[in-house]
Amino acid sequence: MSGSQVGVARELRVLREAIEEHNFSYYVLDNPVIPDAEYDRLMLQLQVLEANHPELVTSDSPTQRVGVTPVGGGSVVTHYAPMLSLGNVFSKSELLDFDQRVRDQLASRGFELDNIEYVAEPKLDGVAVNLRYENGVLILGATRGDGTTGEDITHNVRTIPTVPLRLRTENAPVALEVRGEVFMPREGFLAYNQRVLEIGEKPFVNPRNAAAGSLRQLDPRLTARRPLEVFFYGIGLLNGQIRPKTQGETLKYLHNLGLRTCPEWEVMAGVQDCLTYYAQILKKRNELPYEIDGVVYKVNALENQELLGAVSRAPRWAIAHKFPAQEELTVIKEIKFQVGRTGAITPVARLQPVFVGGVTVSNATLHNEDELARKDVRVGDSVIVRRAGDVIPEIVKVIKERRSAGSDPVRLPTKCPVCSSEVVRQEGEAVARCIGGLVCGAQRREAIRHFASRRALDIKGLGTKLVDQLVTRGLVENPSDLFGLTLEQISELERMGLKSAENLLETLNKSKSTTFNRFLYALGIREVGESTALALANHLCSLEKLMAADVKRLEEVPDIGPIVAANIRAFFQEDRNCMIVNQLMRCGVSWPQPVRLEFEDGPLKGKTIVLTGTLLGMTRDVAKQTLSALGANVTSSISKSTDMVIVGDHPGAKVDRALKLGVMVLSEDEFNALIKSDH
DNA sequence: TTGCCTCGAGATCA
DNA sequence: CTCGAGGCAA
């Protein structure tokens with residue numbers, strides 16, 4: 001490197017550090033120390049210098065936030081530690097119950113506490129993200145996804161000004177995974193929509209969707225134009241540094257690294273403080289520059305968090321205290337009865353569309369006959385609707401005073417609205433069903449949709465509209481008819497040209513190669529979902545055996561009781577069903593012969609296993625299935641009860657943890673050898 | 001349940 | 001340009 005280049009490199013470093021420091025003051029401390037014009041001048045200076053010395057441009061330079069090329073989306077990333085979701089409470093008493101549970105649980109572990117310290121923060125209404133920094137440099141941004149794996153949105157996350165490309169520290173952690181919420185502040189949302197309206201395009205309906213939509217953009221240049229911000233609130237993984245001991249310290253730690261935290265957070269001495277905090281925030285809600293839908297409380301001491309652990313996908317040490325759902329008044333236009341795949345008749349209210357909680361609601365389910373009677377909803381009624389839980393619209397109550405005279409209570413029909421078969425409600429059941437079976441057009445349609453669905457035979461491109469057409473034209477009565485369709489028949493359908501028809505035939509053909517469990521699930525036997533189908537496939541290996549199995553044999557399969565066994569038996573006792581199944585076989589539907597699994601002496605039986613990193617030979621899903629088929633339990637985090645950890649490529653901190661706890665660690669090859677030896 | 005983005009392909013118009 | 005389908009998030 002020449003002397004002048006060394007000089008330039010130093011100059012670049014000084015400029016970048018200055019800009020990063022100003023970013024910190026501006027975005028994180030919310031306290032700019034220089035005027036904007038001065039900042040812009042520094043940026044310009046950096047840009048000019050970099051333009052003259054392109055070889056010295058690094059990807060974490062403040063000028064490199066926005067990539068210039070659209071990125072092929074959809075690539076999957078695995079979080080080092082799973083991203084949990086939060087339980088909800090809506091009232092004081094529910095919150096007190098939560099606090100009581102926390103104290104009871106801790107007491108049972110020898111920690112008698114009168115008051116639990118919590119950290120309270122507003123619950124932002126945005127999109128959860130997971131960011132990975134290695135040696136202080138942002139290398140990955142991902143959506144929450146199912147909590148274990150999410151989508152790579154690095155290119156878009158980088159464009160958010162409040163996301164530092166590089167952490168503000170001398171000794172950065174080797175690896176850091178941080179959780180935050182990306183949101184669009186109210187003001188930015190309004191301004192953005194204003195601009196969009198001026199150029200005649202469609203505005204976003206609410207800030208949350210605006211944020212979510214922006215993050216899913218392929219072209220980061222578009223995302224960069226959206227006024228997105230972020231607050232960080234938690235650590236998924238911290239390697240190479242000592243982990244903060246409390247949630248409060250965690251927030252301070254993040255803040256010091258240059259990761260912006262919500263300024264409203266506070267430490268609560270006990271649950272009573274939480275209630276006060278809730279009331280304060282509720283009062284302040286409209287003045288906050290962003291939308292929130294409640295507050296979150298987290299047990300402050302990490303040590304206690306660890307003692308409490310998690311149930312299924314929610315930690316027992318944190319809870320969301322939600323604000324009351326917004327309610328709106330509207331009118332019932334109509335009450336329809338939908339017929340589901342199993343014939344279940346569901347009353348659905350068609351509403352005069354209303355804007356509630358950020359979306360336009362025009363349908364609301366009334367669940368079943370009893371619910372319908374209990375709420376006594378009638379056509380023409382004025383009703384209060386809200387979005388319950390998170391998403392599903394609910395009719396809260398009828399304003400009876402506004403009811404017009406002469407309206408009649410709505411009754412469940414006694415004949416199926418689709419096929420006029422009888423509607424029967426079994427003793428002790430909540431749902432009434434059309435007994436028409438596949439005679440019923442609705443059930444036929446639903447059966448075929450189910451058959452084609454992603455987790456069944458996964459016939460891509462065969463969507464609702466297409467199935468509707470196929471069924472109403474009588475081209476398809478049962479799943480096996482799908483495979484008899486001709487190019488000509490398909491291309492005559494609406495919106496189907498020759499090309500689309502060819503594609504559909506192609507996917508139909510491909511979908512014939514499947515697995516036994518998918519096939520069983522696809523049949524839509526009552527009470528046979530994915531996991532039951534898998535259990536059946538693993539234990540009864542062949543279709544012949546399954547069809548011949550009596551109730552007693554079926555009940556020997558784990559997790560299958562008398563009711564499910566009877567359903568399966570009944571399904572195969574119907575000639576019609578057997579004919580469909582045979583027809584499917586004749587069409588060429590096939591699967592690899594499952595290996596008969598004997599759990600008794602397998603080395604994996606009853607073991608608790610954790611996967612980390614990317615397995616090269618198989619997807620995570622397949623690995624999980626294989627393991628559980630061998631009688632193992634696959635879990636996501638390592639504890640003392642973990643028996644072994646299987647390590648793929650780019651493993652996370654789980655390996656360290658496993659070694660520390662003395663848990664057996666296996667490579668992918670060793671894992672493969674073990675599976676083979678199991679049968 | 002709704003809203004958003006993306007993709008492929010059919011429909012429409014010049 | 002518009003629609004259907006798929007996928008995702010809350």
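A, B, ... follow the sequence lines: proteins, then strands. Residue 1 opens every chain.
Checked by atom type and distance alone, the side chain of Arg387(A) pairs as donor or acceptor with a backbone atom of Gly357(A) at under 3.5 Å. Judged by distance alone, the side chain of Arg144(A) and the main-chain N or O of Gly150(A) form no donor-acceptor pair under 3.5 Å. Remark: side-chain polar atoms of Arg186(A) are paired, donor with acceptor, to backbone N or O of Leu288(A) under 3.5 angstrom.
Ring orientation note: the planes of Phe183(A) and Phe231(A) are tilted relative to one another, at an angle of 30° to 60°. Taking the six-membered ring where the residue is Trp, Tyr277(A) and Tyr297(A) present perpendicular rings, their angle passing 60° and hence far from 30°.
Side-chain atoms of Lys499(A) lie closest to dA9(B) of the nucleotides dC5(B), dA9(B), dT1(B). In the set dG10(B), dC8(C), dT1(B), dG10(B) carries the atom at the smallest distance from any side-chain atom of Arg495(A). For Phe204(A), the listed nucleotide lying nearest its side chain is dC4(B); candidates were dC4(B), dC7(B), dG3(B).
Separation of atoms CD (Glu371(A)) and CD (Glu394(A)) is listed at 7.5 Å; rounding is to 0.5 Å.
As rounded to whole Å, 15 Å separates atom P of dT2(B) from atom CD of Glu394(A). Atom CD1 in Ile292(A) sits about 17 Å away from atom P in dA10(C), given to the nearest Å. Rounded to whole Å, the distance from CG on Leu470(A) to C1' on dG4(C) is 14 Å. When the C1' atom of dG4(C) is taken as reference, atom CG of Asn503(A) falls 14 Å away, rounded to whole Å. Counting to the nearest Å, the P atom of dA11(B) and the CG atom of Leu493(A) are 12 Å from each other. Here the P atom of nucleotide dC5(B) and the CD atom of Glu201(A) are 10 Å apart, to the nearest Å. For the pair Ile490(A) CD1 and dG10(B) C1', the computed distance is 16 Å after rounding to whole Å. Summarising the geometry, the separation between CG on Asn209(A) and C1' on dG3(B) is reported as 5 Å, rounded to the nearest angstrom.
The 5' end of DNA chain B is approached more closely, in terms of each residue's nearest nucleotide, by Thr365(A) than by the other of Asp219(A) and Thr365(A). Annotation: of the two residues near DNA chain B, Val205(A) and Ala501(A), the 5′-most nearest-nucleotide partner is Val205(A).
Considering only side-chain N and O atoms, Ser500(A) lies nowhere under 4.0 angstrom from the phosphate OP1 or OP2 of dA9(B). Taking only side-chain nitrogens and oxygens, Thr464(A) never comes nearer than 4.0 Å to OP1 or OP2 of dG4(C). Contact annotation: Asn363(A) reaches the phosphate of dT2(B) (side-chain N/O to OP1 or OP2, under 4.0 Å). Proximity of Thr143(A) to the phosphate of dA9(C): a side-chain N or O atom is located under 4.0 Å from OP1 or OP2. In this structure, Arg454(A) reaches the dG7(C) phosphate: one of its side-chain N or O atoms is under 4.0 Å from OP1 or OP2. The phosphate of dT6(B) has OP1 or OP2 within less than 4.0 Å of a side-chain N or O from Gln217(A).
Among the heavy atoms of the strands lying under 4.0 Å from Gly145(A) are primed sugar atoms or P, OP1, OP2 only; no base atom is included. Lys202(A) comes within 4.0 angstrom of sugar-phosphate atoms only, judged by non-hydrogen atoms across all strands, and of no base. Contact annotation for Ala128(A): backbone-only contact, meaning every heavy-atom pair under 4.0 Å involves sugar-phosphate atoms and none involves a base. When heavy atoms are screened at a 4.0 angstrom cut-off, Gly126(A) is found touching the sugar-phosphate backbone but no base atom.
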